[in-house]
Structures are given as C-alpha cells and as structure tokens.
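The analysis underlying the following values was restricted to heavy atoms, covering all of them including side chains, and did not include hydrogens, waters or symmetry mates.
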Amino acid sequence: LLLVLQPAFVYGQDWEKTYGTGVGYSVQQTTDGGYVVIGQNGIHDICLLKTDNNGDTIWSKTFGGNTYDIGYSGQQTIDDGYIITGWTNAGSNQDDIFLIKTDSNGDTMWTKTYGGNDNEVGLCVQQTSDEGYIISGWNDSNNNLHDVYLIKTDSYGEITWTKTIIGDRFEVGRSVQQTTDGGY
C-alpha cells in the first residue's frame, strides 16, 4: 500500500492516507505544501502520486510498460516538474537504471535508461546546481558483486560521467547529495 503519514500536531493537523496497492519508496513535500510519493503500483509500474497538504490526491501517473519497473527516489525540480529514478527490466535479463523527467502535471518530458551487460539500479536522484542530475545506486560489473555506482547527467539526462566505487562486499549508494564545494 502506498502510505503517507504526516506527524501528529504539525500545524494542529494529524492524518494518515493510503493510496491503491503497491509500495511507496519516497515521499517529499513540494513547494505548494503538498506531497509527492514515488514507488511501484500493484502491476509493477513506477508510480508518481501528487497530493495537496491534506494528503488528498491531486493526480497520479504511472510509467513503464510490459516489464518490471520500480521508482525508488525522486524530487521536485526547479521548473516545478519531477525527476524520478529506479530501474527497469526492459524485457532483457539485465536491470537498467531508469530516469524519468516530468512536467508539473506529472506528464513525461523525457526518459532515459542507463545500463549495459550488467545489472544497474538507481536508488537516489538529486538535481544539481547546473540543473543536471546525480544518481546513486549500484551495479554488479565486478564479478557480480554490488558496487556503488554514480551517474552525473546534464539537464536532458545525457551522461556527463559515471563512477563505480569498487569494494569487496555488497556496497550500494542509497543516497547522494551535492556538497557546497561542488562535489558529491
């Protein structure tokens, strides 16, 4: 179940909502005081749900196709649209990172997939100061071990650079943020 909770006694309000079937992986407050929830619906498509400040649904969008798609992370962008990352199976034996850019109504502006012969999963995306995006997650290119994987893109999702941080265990990049010195 997609679930949004607002802490009790915030501005004297207290509420709890459920939305359809599936799983919500990320929730963030939007500039209008509402919320956006990113996850997966019951039929394995990426789900983007926009609510008002009381948790009432304004709109809901799904992304994906006949494959298994999951949205793990997203945020409102400076143009009041949304950026979402996760993964898609895309009908192959490998999972690829999926990046989706929408407008303020949740309508698709563009989508990108990133991957090769190995599995790649995007777990977090953040907009960067140059209006591009930084994605963290994992790939299994190192003898099928999971290593931290970073992708930096421009504002249209075109890759600027990638970095795999190789370890000897199961490592994943669950979160990423740009630092004040311009690094990550």
Task: Gap between atom OH of Y184 and atom OG1 of T179 - 0.5 Å precision - done: 8.0 Å
Open item on the list: Between the side chains of K152 and D130, is the shortest nitrogen-to-carboxylate-oxygen separation below 4.0 Å, so that they form an ion pair?
Closed with: yes
Open item on the list: Quick one, F63 and L48 - any side-chain contact, counting heavy atoms below 4.5 Å?
Closed with: yes
TODO: Start with the C-alpha distance between V176 and I135, add both sets of side-chain angles, then the distance that settles side-chain contact (heavy atoms from CB on, under 4.5 Å), and finish with yes or no.
DONE: CA-CA 7 Å; V176 65; I135 303 166; over 6 Å; no
Task: side-chain contact (heavy atoms from CB on, under 4.5 Å) between I97 and T113, intermediate numbers included - done: CA-CA 5 Å; I97 293 174; T113 56; over 6 Å; no
Task: Exercise: identify the closest heavy-atom pair between S26 and S73 - done: CB-CA, 4.0 Å
Open item on the list: What I'd like to find out is whether the side chain of Y19 reaches to under 4.5 Å of the side chain of T57, using heavy atoms alone.
Closed with: yes
Open item on the list: With heavy-atom distances below 4.5 Å as the criterion, would you say the side chains of T51 and I58 are in contact?
Closed with: no
- [ ] Could you verify whether a donor N or O on one side chain and an acceptor N or O on the other, from T164 and N139, lie under 3.5 Å apart?
- [x] yes
- [ ] Check whether any side-chain heavy atom of T102 lies under 4.5 Å from a side-chain heavy atom of I100, and answer yes or no.
- [x] yes
Open item on the list: side-chain contact (heavy atoms from CB on, under 4.5 Å), that's the test. Do W138 and L123 meet it? Break it down for me.
Closed with: CA-CA 8 Å; W138 61 265; L123 297 174; 4.1 Å; yes
- [ ] Compare every heavy atom of Y133 with every heavy atom of T128, then report the nearest pair and how far apart it is.
- [x] OG1-N, 3.7 Å
Task: Euclidean distance, I134 CD1 relative to L150 CG, rounded to 0.5 Å - done: 5.0 Å
Open item on the list: Counting only heavy atoms not in D56 (residues, nucleotides, ligands), do more than 12 fall under 6.0 Å from its CG?
Closed with: yes
Open item on the list: Give me each pair satisfying salt bridge (Lys or Arg N to Asp or Glu O under 4.0 Å) with a member in residues 173-184, each pair once, sequence neighbours excluded.
Closed with: none
Task: pair I70-Y25: side-chain heavy atoms closer than 4.5 Å - done: yes
Task: Flag side-chain contact, heavy atom, 4.5 Å: D147 against D140 - done: no
TODO: With the side chain counted from C-beta on, respond yes when Y72 and W87 share a heavy-atom pair under 4.5 Å apart, and no when they do not.
DONE: yes
Task: Electrostatic pair K101-D107, nearest N-O below 4.0 angstrom - done: no
Open item on the list: For Q29, is the CD atom crowded, meaning more than 12 foreign heavy atoms sit under 6.0 Å from it?
Closed with: yes
Task: CA sep, side-chain torsions, deciding dist, call: V36, Q76, side-chain contact (heavy atoms from CB on, under 4.5 Å) - done: CA-CA 8 Å; V36 64; Q76 189 172 33; 5.6 Å; no
- [ ] Could you pull out the closest heavy-atom pair between V125 and L99, with the gap in Å?
- [x] CG2-CD1, 3.9 Å
- [ ] Locate the shortest heavy-atom distance separating S136 from G173; write the atom from each residue and the value.
- [x] OG-O, 3.0 Å
Open item on the list: Does either side chain, that of K112 or that of T153, offer a donor lying less than 3.5 Å from an acceptor on the other one?
Closed with: no
Open item on the list: To the closest 0.5 Å, what do you measure between NZ (K61) and CD1 (I46)?
Closed with: 15.0 Å
TODO: Determine whether more than 12 heavy atoms belonging to other residues, nucleotides or ligands lie under 6.0 Å from atom CD of Q28.
DONE: yes
Open item on the list: In this structure, would M109 and I159 fall into the same cluster of hydrophobic residues linked by side-chain contacts under 4.5 Å?
Closed with: yes
Open item on the list: Are the side chains of Y149 and I165 in contact, using a 4.5 Å heavy-atom criterion?
Closed with: no
- [ ] Quick one: closest heavy-atom pair of H146 and V172, and the distance?
- [x] CB-CG1, 4.4 Å
Open item on the list: Can you tell me how the ring of W59 sits relative to the ring of Y82, calling it parallel under 30°, perpendicular over 60° and tilted otherwise?
Closed with: perpendicular
Open item on the list: Testing the basics here: between Y68 and Q40, what is the closest heavy-atom pair and its distance to 0.1 Å?
Closed with: OH-NE2, 3.5 Å
- [ ] Measure the NZ-CD1 distance between K163 and I151 for me, rounded to the nearest 0.5 Å.
- [x] 14.0 Å
